[in-house]
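The next block holds one structure in the form of structure tokens; read it before the comments.
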Amino acid sequence: MSRSLFITFEGGEGAGKTTLIQQIVHELSSRKLPLITTREPGGTPLGEEIRRLLLEPSTLSPYAELSLFLASRAQHIAQVIRPALAEHKIVLCDRFNDSTIAYQGAARGLGVEKVSEFCSFISQHLEPDLTFYLDLDPHIGLTRIEQRSKDRIEAETLSFHIAIRQAFHDLAKRHPHRLRLLDASKSPAEVFEDAMETVNGMLC
Ligand code: Z5A
């Protein structure tokens with residue numbers, strides 16, 4: 001592998017990001033490709049602490065919430081993502097800027113354009129080479145995770161989750177060069193097959 005690859009995974013609740021990332025790791029590791037997996041919020045000691053603050057039940061101002069996601073990202077890029085890309089690794093990242101634009105910009109109502117600008121500034125214009133958006137009706141996604149206790153954001157109203165899906169659809173139209181929409185209502189094996197078709201194309 002002569003070049004780095006930065007792949008992000010986006011979607012609503014229970015869309016299957018974690019499941020897909022695990023399958024891709026298994027496949028690429030078997031080919032001995034250098035890779036790391038990481039997530040947002042999180043990925044660094046500071047980021048994981050921020051994640052805890054963000055997901056525990058509390059009343060956070062939308063602006064405080066946005067600032068915390070961005071603080072986690074700034075540290076994550078500096079400490080984990082850029083160093084891994086400099087070592088020509090494949091970086092598989094569970095959520096990135098698109099989540100901030102969909103959740104805080106659109107669903108929280110802080111403004112898609114404004115939040116996009118903040119994201120570009122904080123990430124110093126670092127863009128994924130490829131983003132998989134796992135598209136799923138929120139009714140199905142929330143049903144998939146109904147057995148486990150919901151975090152602060154998962155517990156939002158259905159209309160919040162519907163707004164997030166619409167925002168991701170808008171992002172897919174805006175960034176067709178990097179954003180691939182996957183039908184996440186298919187079986188895990190089918191979603192994996194669809195994703196690998198694109199990944200293999202990029203590895204050639
Ligand atoms: N957030 C934000 O607001 N702003 C930001 O800037 C960022 C994040 C970065 C934490 O994210 C929260 O932070 C998240 C967005 C917000 N809000 N919430 N909630 P997270 O990624 O850690 O949390 P999550 O999206 O809630 O993860 P998740 O619910 O675990 O979803 P997932 O990883 O996409 O799904 P999964 O764990 O792979 O699968 C869920 C279940 O479905 C599990 O039982 C699987 O076995 C099953 N599954 C998976 N795939 C399938 C298929 N294809 N068919 C049937 N069943 C399946």
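These numbers were taken from a predicted model, which means no experiment stands behind them. Numbering of ligands and ligand atoms starts at 1, following listing order. Numbers here are sequence positions counted from 1.
Residue Ser187 touches ligand 1 through its backbone alone, judged by heavy-atom distances below 4.0 Å.
Under the 30°/60° scheme for interplanar angles, the aromatic rings of Phe132 and Phe9 are found to be tilted.
The nearest protein heavy atom to atom 43 (C) of ligand 1 is not closer than 4.0 Å.
Contact atoms of ligand 1 toward Arg51: 20 (P), 22 (O) (distance under 4.0 Å to a heavy atom of the residue). Below 4.0 Å from some heavy atom of Asp151 lie the following atoms of ligand 1, by number and element: 19 (N). Numbered from 1 in the order shown, with element, the atoms of ligand 1 that lie under 4.0 Å from a heavy atom of Glu40 read 9 (C). Which parts of ligand 1 touch Asp94 is read off a 4.0 Å heavy-atom cut-off, strictly below it: atoms 21 (O). Taking every heavy atom of Gln104 and a limit of under 4.0 angstrom, the matching atoms of ligand 1 come to 2 (C), 3 (O), 4 (N), 5 (C), 6 (O).
Of the N or O atoms in Gly16, one or more lie within a sub-3.5 Å distance of an N or O in ligand 1. Looking at ligand 1, you'll find an N or O of Gly14 within less than 3.5 Å of one of its N or O atoms.
When Thr8, Thr19, Leu134 are ranked by how near their heavy atoms come to atom 38 (O) of ligand 1, first place goes to Thr19. Of the options Glu13, Arg148, Lys186, the smallest heavy-atom separation from atom 30 (O) of ligand 1 is shown by Arg148. One option in Thr100, Ile140, Leu182, Thr18 has a heavy atom closer to atom 6 (O) of ligand 1 than any other, and that option is Thr100.
With no hydrogens or angles considered, no side-chain donor-acceptor pair links Tyr63 and Arg108 at under 3.5 Å. Side-chain atoms of His169 and Asp135 include a donor-acceptor pair closer than 3.5 Å.
The closest approach between any non-hydrogen atom of Ala15 and ligand 1 is below 4.0 Å. Remark: distances from the non-hydrogen atoms of Arg73 to ligand 1 include one below 4.0 Å.
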Could you walk me through whether Glu40 and Lys17 pass the salt bridge (charged side-chain N to carboxylate O under 4.0 Å, His left out) test, one step at a time?
CA-CA 12 Å; Glu40 291 206 359; Lys17 294 176 286 91; over 6 Å; no

Take Glu154 and Arg148, measure what salt bridge (charged side-chain N to carboxylate O under 4.0 Å, His left out) needs, and give me the verdict at the end.
CA-CA 11 Å; Glu154 284 168 347; Arg148 68 182 197 211; 2.8 Å; yes

Walk me through whether Arg165 and Asp170 qualify under salt bridge (charged side-chain N to carboxylate O under 4.0 Å, His left out).
CA-CA 9 Å; Arg165 188 183 195 197; Asp170 294 343; over 6 Å; no

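Nearest protein heavy-atom contact of atom 27 (O) of ligand 1 is Lys17 NZ, 3.7 Å. In this structure, the protein non-hydrogen atom closest to atom 11 (O) of ligand 1 is Arg95 NE, 3.1 Å. If you check which protein heavy atom lies closest to atom 54 (N) of ligand 1, you get Arg144 NH2, 3.1 Å. In this structure, the protein non-hydrogen atom closest to atom 26 (O) of ligand 1 is Glu154 OE2, 2.8 Å. Atom 12 (C) of ligand 1 has Leu55 CD2, 3.9 Å as its closest protein atom, hydrogens excluded (heavy atom only). Closest protein heavy atom to atom 2 (C) of ligand 1: Phe69 CZ, 3.1 Å.
There is no path of hydrophobic side-chain contacts, each under 4.5 Å, that joins Ile36 to Ile21. At a threshold of 4.5 Å between side-chain heavy atoms, the hydrophobic network of Ile, Leu, Val, Met, Phe, Trp and Tyr places Leu136 and Phe160 in two separate groups.
Here the closest non-hydrogen pair linking Val115 and Gly105 is CG2-CA, 3.6 Å.
Residue-environment remark: CZ (Phe118) stays at or below the threshold of 12 foreign heavy atoms within 6.0 Å.
Applying the side-chain contact (heavy atoms from CB on, under 4.5 Å) test between Pro138 and each of Thr143, Ile164, Ile162 identifies Ile162 as the sole match.
In this structure, OG in Ser72 is found 7.5 Å from CD in Glu48, a value given to the nearest 0.5 Å.
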